[in-house]
Undergrad: 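So that we are looking at the same thing, I have put the structure below in structure tokens.
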Amino acid sequence: MMKTKIYYFSATGNSLYVAKFLQRNLNAEVLSIPEELREKNFKVGAEKVGFIFPLHYGGLPMIVEEFVGALDFSSVEYIFAIATCGIPYFGRPFTDLDEILAAKNFKQQASWFVRLVSNYLPYRDTAADWRIKIRYWFADKKLQKISRAIAENAEHTTWEVGKETCKKMHDDWENRRADLDEKFFCDVEKCVKCGACEKICPVKNILRPNGSPVWQGHCVECLGCLHVCPKQAINLGEVTRGRKRYINWNIKPKELFH
């Protein structure tokens, strides 16, 4: 059996849930991308490797781009990728991933979108509970099929709609990185200084000199800090006030801490 490693990036638990699902079915080793990046562990050392990540502005999360670009794929024979999202097929994460891999003379053998729950509260409120339950049910069914395909080293491609539109949107977003956390703010009256926001940040963009969060200007807009706050003290502009926070129901918040 080929040794399998799965690298994941997860801010609110969807991608970690998928990674753990595949771990059970494939007997794979599961590793956190932010932690591997921080430790500079760039040698895959496995024949089969997978990447699981959320869709960010129609493309790859910045931290995933950086990590994949640094990896040593010399031992790899099979590469797969899964993008978790609220709206499947609109985006170009696998095209972007292939461009990074091509520079290393590698390519993906399989890719899938898995629809779960969007955490991007500035766009819209979190789905109703009944809708979340349905998405979990459908996701589990799809993940069973995905597990079998990966176990068999099957090739699989998926639609990516609006690739040119998404490229512009994603590039514009990356170019605004220094300003991405400008609209974050914390209601210090609600804040209980628990430190969850600091622990969940994948890039150490949050410091707490007086107990409450202060953003440092290198945000990757994963929104983990906003969703994990137990008192909903953190908002991204006024539009997120009153909107329902979300952590995957199968994941404990501490599993997302770094």
Undergrad: Do Phe80 and Phe51 have ring centroids that are under 6.0 Å from one another?
TA: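 Distance test on ring centres: not under 6.0 Å, no.
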
Undergrad: Any side-chain to backbone donor/acceptor pair from Gln216 onto Val214? Under 3.5 Å, distance only.
TA: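 Yes; at least one donor-acceptor contact below 3.5 Å.
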
Undergrad: If we only count heavy atoms from C-beta on, is the Asn119 to Pro54 side-chain gap below 4.5 Å?
TA: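 A side-chain contact is absent here, since even the closest heavy-atom pair is not under 4.5 Å.
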
Undergrad: Could you tell me if the side chain of Phe21 sits less than 4.5 Å from the side chain of Asn250, heavy atoms only?
TA: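 No; the side chains remain at least 4.5 Å from each other.
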
Undergrad: Take Asp181 and Asn205 through the side-chain hydrogen bond (donor to acceptor under 3.5 Å, both in side chains) test and state the conclusion after the steps.
TA: CA-CA 9 Å; Asp181 59 13; Asn205 187 50; 3.0 Å; yes

Undergrad: Keeping Lys48 on the side-chain end and Ile150 on the backbone end, is there a donor-acceptor pair under 3.5 Å?
TA: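 Confirmed, Lys48 side chain pairs with Ile150 backbone.
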
Undergrad: List the residues meeting side chain to side chain donor-acceptor pair (under 3.5 Å) with Lys244, not counting sequence neighbours, and say none if there are none.
TA: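 Applying side chain to side chain donor-acceptor pair (under 3.5 Å) to Lys244 gives Asp129.
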
Undergrad: Evaluate the ring planes of His156 and Trp112, with Trp represented by its six-membered ring, and classify them as parallel (under 30°), tilted (30 to 60°) or perpendicular (over 60°).
TA: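 The rings of His156 and Trp112 lie parallel, inter-plane angle below 30°.
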
Undergrad: Without swapping roles, check the side chain of Ser118 against the backbone of Gly86 for a donor-acceptor pair under 3.5 Å.
TA: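 It does not hold such a pair.
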
Undergrad: Checking Glu160 side chain against Thr95 main chain: does a donor-acceptor pair fall under 3.5 Å?
TA: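 Present.
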
Undergrad: As a quick check of understanding, evaluate side-chain contact (heavy atoms from CB on, under 4.5 Å) for Glu77 and Asn153, giving each step before the final call.
TA: CA-CA 9 Å; Glu77 299 177 16; Asn153 294 347; over 6 Å; no

Undergrad: Angle class for the Phe184/Trp215 ring planes (parallel below 30°, perpendicular above 60°, tilted otherwise)?
TA: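 Parallel: the ring planes of Phe184 and Trp215 meet at under 30°.
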
Undergrad: Flag the pair Pro213 / Cys197 as yes when at least one side-chain heavy-atom distance between them is below 4.5 Å, and no otherwise.
TA: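 Yes, close enough: below the 4.5 Å cut-off.
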
Undergrad: Can you tell which of Thr12, Asp140, Thr84 makes a side-chain hydrogen bond (donor to acceptor under 3.5 Å, both in side chains) with Tyr17?
TA: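 Going through Thr12, Asp140, Thr84 one by one, the side-chain hydrogen bond (donor to acceptor under 3.5 Å, both in side chains) with Tyr17 is satisfied by Asp140 alone.
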
Undergrad: Using the benzene-type ring in the case of Trp, are the ring centres of Phe53 and Phe9 under 6.0 Å apart?
TA: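 Phe53 vs Phe9: aromatic centres not under 6.0 Å.
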
Undergrad: Could you go through the side-chain contact (heavy atoms from CB on, under 4.5 Å) check for Ile82 and Ile146 one step at a time?
TA: CA-CA 9 Å; Ile82 298 172; Ile146 291 172; 3.9 Å; yes

Undergrad: Is the charged tip of Lys104 near the ring of Phe73: under 6.0 Å from the six-membered ring centre and within 45° of its axis?
TA: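 That pair does not qualify as a cation-pi contact.
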
Undergrad: Report all side-chain donor-acceptor pairs from residues 55-71 shorter than 3.5 Å, counting only partners two or more places apart or in another chain.
TA:
unit_1: Tyr57; atom_1: OH; unit_2: Tyr120; atom_2: OH; d: 2.8
unit_1: Tyr57; atom_1: OH; unit_2: Glu221; atom_2: OE1; d: 3.4
unit_1: Tyr57; atom_1: OH; unit_2: Glu221; atom_2: OE2; d: 3.4

Undergrad: Assess the residue pair Lys43 and Asp72 against the criterion (salt bridge (Lys or Arg N to Asp or Glu O under 4.0 Å)); give the C-alpha distance rounded to whole Å, side-chain angles, the decisive distance to 0.1 Å, and a yes or no.
TA: CA-CA 5 Å; Lys43 191 171 182 64; Asp72 174 1; 3.3 Å; yes

Undergrad: Please check if the side chain of His258 supplies one atom and the backbone of Lys199 the other of a donor-acceptor pair under 3.5 Å.
TA: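 Side chain of His258 to backbone of Lys199: no pair is present.
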
